[in-house]
Q: 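Structure below; questions to follow.
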Protein chains: 2
Amino acid sequence: MPKYKQFDRDKVLEAASVVFHEKGYNGTSIDEILTATGLSRSSLYDSFKDKHNLYLQSLEFYKNVNDKKIQNLDEKNLNGLQKLETMFKSVINHLSEHPDDNGCLLVNAAAEMSKQCFKTSQVVCNNKDEVQNLFSTWISDAEEKKVIKLEKPAKVYGQFFYNTLCGLRVMSQSGAGKTELSNVVKVALDSLN
Amino acid sequence: MPKYKQFDRDKVLEAASVVFHEKGYNGTSIDEILTATGLSRSSLYDSFKDKHNLYLQSLEFYKNVNDKKIQNLDEKNLNGLQKLETMFKSVINHLSEHPDDNGCLLVNAAAEMSKQCFKTSQVVCNNKDEVQNLFSTWISDAEEKKVIKLEKPAKVYGQFFYNTLCGLRVMSQSGAGKTELSNVVKVALDSLN
DNA sequence: AAATATTCGGAATGAATATTCCAAATTGTT
DNA sequence: AACAATTTGGAATATTCATTCCGAATATTT
């Protein structure tokens with residue numbers, strides 16, 4: 001089935017990222033990826049070089065999907081505090097509705113690979129900085145609109161809420177339920193008063 | 001070299017947990033464990049059954065070491081808030097002095113294994129509950145001594161600070177430096193006023 | 001319709017990997 | 001000093017895994 005690519009690159013990366021998300025990099029075999037993506041062995045190696053490269057591309061794909069979700073939220077007509085609240089609400093809903101969903105691929109990648117693969121650490125680190133910055137702009141916005149009053153620079157709260165978010169992902173992988181996660185977010189958001 | 005065990009079981013588990021900590025479960029080979037522990041292949045299988053079993057025992061060993069560190073802190077003559085502050089300070093010092101130290105084995109185990117291995121999830125989940133409870137007692141103590149005033153049950157703050165702690169581990173694996181981590185802790189501790 | 005370019009399936013390869021097994025070594029016991 | 005109990009080193013095994021390679025298939029181009 002040539003002469004042009006017979007598969008949708010994004011769908012392949014999506015399927016691959018699901019497997020990597022479930023089992024981690026070292027825990028997934030090429031065969032598992034083949035059945036998940038429906039690709040043939042040679043197509044995969046032809047188009048994605050090797051497992052490690054596919055992993056990195058899956059990571060970036062996942063990051064882009066995540067970014068888009070957050071940017072959609074960013075474009076809504078809400079003040080920064082509402083955006084933050086909405087974001088946490090949807091994260092908690094997702095985590096509690098999909099308890100089998102293995103946390104967050106980027107967090108798992110940080111844990112499994114960032115100290116062994118520089119490129120992984122770059123993706124993970126960029127994600128951290130971008131999300132922190134976005135949170136900071138939300139918080140600045142809320143302050144300018146006099147919805148909240150800050151005792152520290154907005155940047156610091158961006159760091160704090162990113163930390164809270166990472167914690168949620170780990171806690172849900174450690175068996176925390178919805179009320180537990182909600183409690184955490186409530187206390188965290190209280191820091192803005 | 002018989003007739004009794006020629007190796008110190010705790011030292012083996014300590015060495016094994018270091019390797020698992022660096023490379024994860026699927027990322028470490030038996031050979032790496034053999035060189036790290038100095039054990040022979042047959043001794044390892046004789047005494048620890050197999051890789052998976054050794055991993056679980058290493059996890060529990062690591063958890064015990066962690067527990068003891070925290071309990072040492074618990075026995076000091078400080079109020080609960082001071083204990084919390086000291087704990088965070090030492091975690092941040094450790095993370096920033098050992099940037100190559102791959103986060104926390106228990107957090108990494110949660111990310112890599114908890115959805116694939118029930119026993120791992122048990123260890124990780126128990127650790128979460130124990131640490132949360134300890135934090136809660138510290139916070140209750142600080143409230144009773146009128147050092148702080150709480151707007152929510154102490155238990156909720158225990159959950160919140162455990163979440164903060166998990167976040168720190170992930171953030172340090174994502175390239176966060178000392179000031180960033182300190183900022184997070186400052187905002188988190190402000191929630192107690 | 002022939003040529004071209006590219007994909008794809010699956011067998012083949014070779015390297016790692018976890019685990020087993022046996023004989024040699026060693027120390028405590030009699 | 002011989003025996004018993006157990007560890008240990010290292011070879012052997014069997015499995016899994018990532019990667020390569022070749023020939024068949026097919027859609028576009030000429």
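Computed over heavy atoms, backbone and side chain alike; hydrogens, waters and symmetry mates excluded. Bear in mind the structure is a predicted one, so any value in this text is a computation, not a measurement. Letters A, B, ... mirror the listed sequences (proteins, then strands); counts begin at 1.
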Q: Nearest whole angstrom, please: distance from the P of C:dT27 to the CZ of B:F7.
A: 16 Å

Q: Can you see if the side chain of A:S43 gets near the phosphate of C:dT7 - specifically, an N or O under 4.0 Å from OP1 or OP2?
A: no

Q: Need to verify one output field. Residue with the more 5' nearest nucleotide on DNA chain D, A:Y25 or A:S42?
A: A:Y25

Q: To the nearest Å, how far apart are A:K51 NZ and D:dT19 P?
A: 8 Å

Q: Is any NZ, NE, NH1 or NH2 atom of the basic residue among B:E85 and B:K186 found under 4.0 Å from an Asp or Glu carboxylate oxygen of the other?
A: no

Q: Does B:R41 come within less than 4.0 Å of B:D31, counting only side-chain N to carboxylate O?
A: yes

Q: Return the value, rounded to whole Å, for the distance between atom NZ of A:K49 and atom C1' of D:dA18.
A: 15 Å

Q: Kindly assign one of parallel, tilted or perpendicular to the pair B:H21 and B:Y62, based on the angle between their ring planes and the thresholds 30° and 60°.
A: perpendicular

Q: Measure the distance from CG on A:D31 to P on D:dA18 and round it to the nearest whole Å.
A: 7 Å

Q: Looking only at the side chain of A:S29 (C-beta and beyond, no hydrogens), which of the listed nucleotides D:dT7, C:dT17, D:dC17 gets closest?
A: D:dC17

Q: Measure from NE2 on A:H52 to P on D:dC17 and round the result to the nearest Å.
A: 18 Å

Q: Check the distance between D:dT6's P and B:Y45's OH and give it to me in whole angstrom.
A: 22 Å

Q: Look at the aromatic rings of A:Y55 and A:F20 and report parallel, tilted or perpendicular, splitting at 30° and 60°.
A: perpendicular

Q: In whole angstrom, what separates A:Y55's OH from D:dA18's P?
A: 14 Å

Q: Heavy atoms under 4.0 Å, any strand shown: does B:D46 hit a base, just sugar-phosphate, or nothing?
A: base

Q: In whole angstroms, how far is the P atom of D:dT19 from the CG atom of A:N53?
A: 10 Å

Q: Does A:S40 get its side chain close enough to the base of C:dG10, under 3.5 Å, for a donor-acceptor pair?
A: no

